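Worksheet: one structure, shown below.
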Protein chains: 2
Amino acid sequence: MNIGEAAKASGISAKMIRHYEGIGLIEESRRSAAGYRIYSNNDLHTLSFIKSSRSLGFSLDQIKQLLSQWQDRGRASSDVKALALQHIKELDDKITELSAMRNLLQNLATECHGDNRAECPILQGLEQQCGEAKAKKT
Amino acid sequence: MNIGEAAKASGISAKMIRHYEGIGLIEESRRSAAGYRIYSNNDLHTLSFIKSSRSLGFSLDQIKQLLSQWQDRGRASSDVKALALQHIKELDDKITELSAMRNLLQNLATECHGDNRAECPILQGLEQQCGEAKAKKT
DNA sequence: ATCGACCTTACCACAATGGCAAGGTCAAGG
DNA sequence: CCTTGACCTTGCCATTGTGGTAAGGTCGAT
């Protein structure tokens, strides 16, 4: 199949498929006489794997590792698990960070009347380096 | 004060201060005879405001709006609040997305023995388009 | 022959930050 | 007076993952 069909079937844009090839995430595909890329069902399988991995938030670099583990029949599942656990930690850290932001901002927003007056606890909070204040209230 | 001192005092790198000036987030600073940037306490105040805003996750574009509202004595606090609420929603959406990823991945990781054997539920999960449980992008 | 839908490569852009290089400046100490 | 080191200047490149656009080739159907 052509790249457009592969894109539709895998959910990865044609643009990105070319890009993944360019950075060596996937192998160069076969080409037709005219130079069109041709994809097999096996290639599609790989693209779907990448798509799944991306939707779990793995970076392309991590996916490179996952792919090689996936294709290595002799791999130890402990290696895969280590990669997954590391990514879970990255996700947790990010969630913690965003939650802290959210809570601080929510506190400020709750105090803000949100009316026509100029007085605004949100701006005051930003002014007073609220970023350093820990979210311990309420 | 010079840019280095302003950087230390505000917690924003000199590099970024120049960048913020370049994109028009802050005004061009005064210069010494030799061309060195010179910052006043007032400039520092602005930089700290930006620093706080960044640490709450506002984009530079949003900060541009916050800054103009901050400097507008006649602003209505409702405008500021709207911006804050919008950002809270962005944060919530992101947190939801990341949590979904985390939970899916955690489930796979829990099933994985993580030993020397090749059998690996994580890779199997990725292979079976586990990504279908929608984790949407931003 | 021509049109539209597809493909190709090769650039540019984003957001926010870091890094490096080549050069100017300034203050202190010889 | 000159050197040294710490600072400043501009400018360009890299990152991450994705989208866009342009100029051109190809293919199938009319």
Side-chain angles (χ1 to χ4, degrees), chain A residues 1-26 28-39 43 47 49-67 87 90-91 93-94 97-98 101 131, chain B residues 1-26 28-39 43 47 49-67 87 90-91 93-94 97-98 101 131 135-138:
Chain A
M1 63 180 84
N2 282 341
I3 198 170
E5 299 167 82
K8 241 174 241 162
S10 67
I12 298 179
S13 72
K15 190 83 196 231
M16 280 301 101
I17 295 176
R18 292 193 196 99
H19 180 58
Y20 292 165
E21 184 187 299
I23 63 173
L25 184 64
I26 56 181
E28 298 198 2
S29 71
R30 276 172 38 234
R31 300 283 188 132
S32 72
Y36 284 22
R37 287 175 182 78
I38 301 174
Y39 296 93
D43 295 330
L47 288 173
F49 182 94
I50 293 174
K51 176 70 178 172
S52 299
S53 304
R54 280 300 290 144
S55 70
L56 284 188
F58 284 103
S59 70
L60 295 185
D61 208 65
Q62 289 170 322
I63 294 175
K64 206 170 212 161
Q65 293 176 249
L66 285 173
L67 274 175
H87 183 45
E90 290 164 4
L91 289 169
D93 289 350
K94 195 73 187 170
E97 184 193 347
L98 295 181
M101 290 176 179
Chain B
M1 62 179 84
N2 282 342
I3 198 170
E5 299 167 79
K8 242 173 239 163
S10 68
I12 299 179
S13 72
K15 188 82 196 227
M16 279 302 101
I17 295 177
R18 292 191 197 101
H19 180 58
Y20 292 165
E21 184 187 299
I23 63 173
L25 184 63
I26 56 182
E28 298 198 1
S29 71
R30 276 173 38 235
R31 300 283 187 131
S32 73
Y36 284 22
R37 288 174 181 79
I38 300 174
Y39 295 93
D43 295 331
L47 289 173
F49 182 95
I50 294 174
K51 175 69 177 176
S52 300
S53 304
R54 279 299 291 142
S55 70
L56 284 188
F58 284 102
S59 70
L60 294 186
D61 209 64
Q62 289 169 323
I63 294 174
K64 204 170 213 159
Q65 294 176 247
L66 285 173
L67 273 176
H87 184 45
E90 291 165 3
L91 289 170
D93 289 351
K94 195 71 187 173
E97 182 194 348
L98 295 181
M101 290 177 179
K136 293 213 87 174
K137 334 218 77 166
T138 310

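Numbered from 1 within each chain, the chains take letters A, B, ... in sequence-line order. Computation of the quantities below employed the complete heavy-atom set of this structure, encompassing side-chain atoms and omitting hydrogens, waters and symmetry-equivalent molecules. On a predicted model such as this, the values are computed, not experimentally measured, just so you know.
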Exercise. Please test B:L67 against B:K64 for side chain to side chain contact (heavy atoms under 4.5 Å, CB included), starting from the C-alpha separation and ending with a verdict.
Key: CA-CA 5 Å; B:L67 273 176; B:K64 204 170 213 159; 5.8 Å; no

Self-check item: side chain to side chain contact (heavy atoms under 4.5 Å, CB included) assessment of A:E5 paired with A:N2
Solution: CA-CA 6 Å; A:E5 299 167 82; A:N2 282 341; 3.7 Å; yes

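Heavy atoms only, all atoms of each residue included: B:A7 and B:A14 are closest at CB-N, 3.6 Å. The shortest non-hydrogen separation linking B:I38 to B:D43 is O-OD2, 4.0 Å. Shown here for B:I17 and B:S10, the closest heavy-atom pair between the two residues is CD1-OG, 4.4 Å.
Look at CD1 on A:I50: it is 12 Å from P on D:dG17, rounded to the nearest Å. Across the protein-nucleic acid pair, B:E21 atom CD and D:dT10 atom P stand 8 Å apart, rounded to whole Å. Separating the CD1 atom of B:I38 from the P atom of D:dC7 is a distance of 17 Å, rounded to the nearest angstrom. A straight line from CE of B:M1 to C1' of D:dC7 spans 16 Å, rounded to a whole angstrom. The distance from atom CD1 of B:I17 to atom P of D:dC7 is 15 Å, rounded to the nearest whole Å.
Residues passing the side chain to side chain contact (heavy atoms under 4.5 Å, CB included) test with B:E21 are B:I26, B:E28, B:S29, B:R31, B:R37, B:Y39, sequence neighbours excluded. Under the side chain to side chain contact (heavy atoms under 4.5 Å, CB included) criterion, A:K8 pairs with no residue, sequence neighbours left out. With sequence neighbours excluded, the residues that form a side chain to side chain contact (heavy atoms under 4.5 Å, CB included) with B:L60 are B:Y20, B:I23, B:L25, B:R54, B:I63. Residues forming a salt bridge (Lys or Arg N to Asp or Glu O under 4.0 Å) with A:D93 (at least two apart in sequence, or on another chain): A:K89. Shown here are the side chain to side chain contact (heavy atoms under 4.5 Å, CB included) partners of B:E90, two or more places apart in sequence or in another chain: B:Q62, B:Q86, B:H87.
Contact between the side-chain N/O atoms of A:S13 and the OP1/OP2 oxygens of D:dG19 is found at a separation under 4.0 Å.
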Tabulate protein N/O versus nucleotide N/O from nucleotides 12-16 of chain C, keeping only pairs under 3.5 Å, one per line.
unit_1 : atom_1 : unit_2 : atom_2 : d
C:dA16 : OP1    : B:L60  : N      : 2.9
C:dA16 : O3'    : B:R54  : NH2    : 3.0

Identify the pairs formed between an N or O of the protein and an N or O of nucleotides 28-30 of chain D at a distance under 3.5 Å, and give each distance.
none

Any protein N or O atoms within reach of nucleotides 2-7 of chain C? Criterion: under 3.5 Å, listing atom names and distances.
unit_1 : atom_1 : unit_2 : atom_2 : d
C:dC7  : OP1    : A:G4   : N      : 2.5

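Atom CG of A:L47 and atom OG of A:S52 lie 11.0 Å apart (nearest 0.5 Å).
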